[in-house]
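Below is one structure; the comments refer to it alone.
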Amino acid sequence: TFPDPESVRYYKVLVADTAGNSAISQTIFLSVPDIYPPDAPADLKAVVDTTGRLTLVWRHSTSVDVTGYKVYRSDMASHDFIQVSKGKQSSNAFIDEVELNKHNPEVFYFIRTIHDNYNHSSSSDTLSVKIPDLLPPTSPVLQKARNVDGQLQLEWIPSSSNDVAFYVLIEFADGNW
């Protein structure tokens with residue numbers, strides 16, 4: 001059988017003839033490098049507060065020779081991810097700062113495990129993290145105001161924001177809003 005990865009073995013061959021004479025070969029050394037990747041981390045979870053501080057945690061890889069993790073982020077699930085951890089992350093938690101003043105409502109993360117032979121695991125499942133919505137919607141633009149048969153008729157260009165819940169008409173009359 002083939003030796004386990006990271007094992008060191010020495011081998012000799014003994015030969016014997018029918019008369020009982022024997023000889024032994026020289027020793028040969030065999031080192032089997034670990035070419036197998038570690039298990040990916042699992043159970044990613046994140047919370048982000050209203051200042052943009054994001055805390056990401058995960059369950060450690062089950063591999064025994066883990067030396068750290070690399071954390072990757074993207075603003076869109078379909079775009080390229082960049083490494084946001086500096087070097088290897090030794091713990092199973094990572095703090096990131098996310099931009100709150102943008103119209104993208106989420107950010108995406110995945111993690112890879114690294115072991116002592118520098119093999120990288122496959123990516124963990126991608127985690128989608130909802131960013132707190134602190135931006136007001138864009139203002140609508142009033143275009144026309146007219147009197148049609150004694151009825152006020154207004155036309156406006158709606159807000160370009162995706163999360164508009166409703167519009168309220170505010171009237172200025174007699175010096176008051």
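Being a predicted model, the structure only gives us computed values, none of them experimental.
When side chains are defined from C-beta on, D163 counts as touching D133, because their heavy atoms get closer than 4.5 Å. Here the side chains of W156 and L154 are in contact, with some heavy-atom distance below 4.5 Å. Side chains of S63 and S121 form no contact here, defined as non-hydrogen atoms less than 4.5 Å apart. The shortest distance between side-chain heavy atoms of Q89 and S91 falls below 4.5 Å. Contact annotation: the side chain of P158 never approaches that of P140 to less than 4.5 Å [non-hydrogen atoms, C-beta and beyond]. Between D116 and V66, every side-chain heavy-atom pair lies at or beyond the 4.5 Å cut-off. Residues K70 and S85 have side chains in contact (heavy-atom distance under 4.5 Å, counting atoms from C-beta outward). Looking at heavy atoms from C-beta onward, L127 lies out of side-chain contact with K45 at the 4.5 angstrom threshold.
No path of Ile, Leu, Val, Met, Phe, Trp and Tyr side chains, each step under 4.5 Å between heavy atoms, connects I131 with Y72, placing them in separate hydrophobic clusters. Transitive grouping of hydrophobic side chains (ILVMFWY, heavy atoms separated by less than 4.5 Å) keeps I114 and I111 in distinct clusters. L134 and V48 fall within the same hydrophobic cluster, where Ile, Leu, Val, Met, Phe, Trp and Tyr residues are linked whenever their side-chain heavy atoms come under 4.5 Å apart, directly or through other members. In terms of hydrophobic clustering, with Ile, Leu, Val, Met, Phe, Trp and Tyr side chains grouped at heavy-atom distances under 4.5 Å, V47 and V71 are assigned to different clusters. Hydrophobic clustering of Ile, Leu, Val, Met, Phe, Trp and Tyr side chains at less than 4.5 Å, counting indirect connections, keeps L142 apart from I157.
Atom CG of D80 is surrounded by 12 or fewer heavy atoms from other residues, nucleotides or ligands within 6.0 Å. Enclosure of atom CG in D125 is not indicated, since only 12 or fewer non-hydrogen atoms of other residues, nucleotides or ligands lie within 6.0 angstrom. Taking a 6.0 Å sphere around CZ of F29, one finds it holds more than 12 heavy atoms contributed by other residues, nucleotides or ligands. In this structure, N162 places its CG atom where only 12 or fewer heavy-atom neighbours from other residues, nucleotides or ligands lie under 6.0 Å away.
The CD atom of Q143 lies 7.0 Å from the CD atom of E155; values are rounded to the nearest 0.5 Å. Distance check, rounded to the nearest 0.5 Å: CZ of R59 to CG of L44 gives 10.0 Å. Distance check: Q83 CD to R73 CZ gives 11.5 Å after rounding to the nearest 0.5 Å.
Of all heavy-atom pairs between L100 and T50, the closest is CD1-O, 3.0 Å. Of all heavy-atom pairs between V57 and A93, the closest is CG1-CB, 3.9 Å. Of all heavy-atom pairs between P38 and H120, the closest is CD-C, 4.0 Å.
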(request) Go through I24 and V13 one step at a time and tell me if the side chain to side chain contact (heavy atoms under 4.5 Å, CB included) criterion holds. (result) CA-CA 6 Å; I24 297 178; V13 176; over 6 Å; no
(request) Under the side chain to side chain donor-acceptor pair (under 3.5 Å) rule, what do R112 and S123 come out as? Steps first, then yes or no, please. (result) CA-CA 5 Å; R112 289 188 177 141; S123 300; 3.0 Å; yes
(request) For side chain to side chain contact (heavy atoms under 4.5 Å, CB included), just list the numbers for L30 and Y11, CA-CA rounded to whole Å, side-chain angles, deciding distance to a tenth of an Å, and then say yes or no. (result) CA-CA 8 Å; L30 175 65; Y11 295 93; 3.9 Å; yes
(request) Take Y10 and K12, measure what side chain to side chain contact (heavy atoms under 4.5 Å, CB included) needs, and give me the verdict at the end. (result) CA-CA 7 Å; Y10 297 90; K12 294 181 181 185; over 6 Å; no
(request) Could you give me the CA-CA distance, side-chain angles and deciding distance for K88 and T67, then say whether side chain to side chain contact (heavy atoms under 4.5 Å, CB included) is met? (result) CA-CA 8 Å; K88 289 186 290 187; T67 59; 3.2 Å; yes
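Side-chain atoms of T62 and D39 include a donor-acceptor pair closer than 3.5 Å. Side chain to side chain, Y69 and H60 meet the donor-acceptor criterion of an N or O pair below 3.5 Å. At a cut-off of 3.5 Å, with distance as the only test, a side-chain donor of D96 or Y109 sits close to an acceptor on the other residue. D49 and T51 share a side-chain donor-acceptor pair at under 3.5 Å.
A donor-acceptor contact shorter than 3.5 Å is absent between the side chain of S159 and the backbone of P137. A donor-acceptor pair under 3.5 Å is absent between the side-chain atoms of N117 and the main chain of N119, judged by distance alone. Although no hydrogens or angles enter the test, the distance criterion places a donor-acceptor pair under 3.5 Å between the side chain of H115 and the main chain of Y36.
Annotation: F81 is in aromatic contact with F110 [ring centroid separation under 6.0 Å]. If you look at W58 and F94, their ring centroids are not closer than 6.0 Å. Side-chain rings of F108 and H79 stay apart, their centers remaining 6.0 Å or farther from each other.
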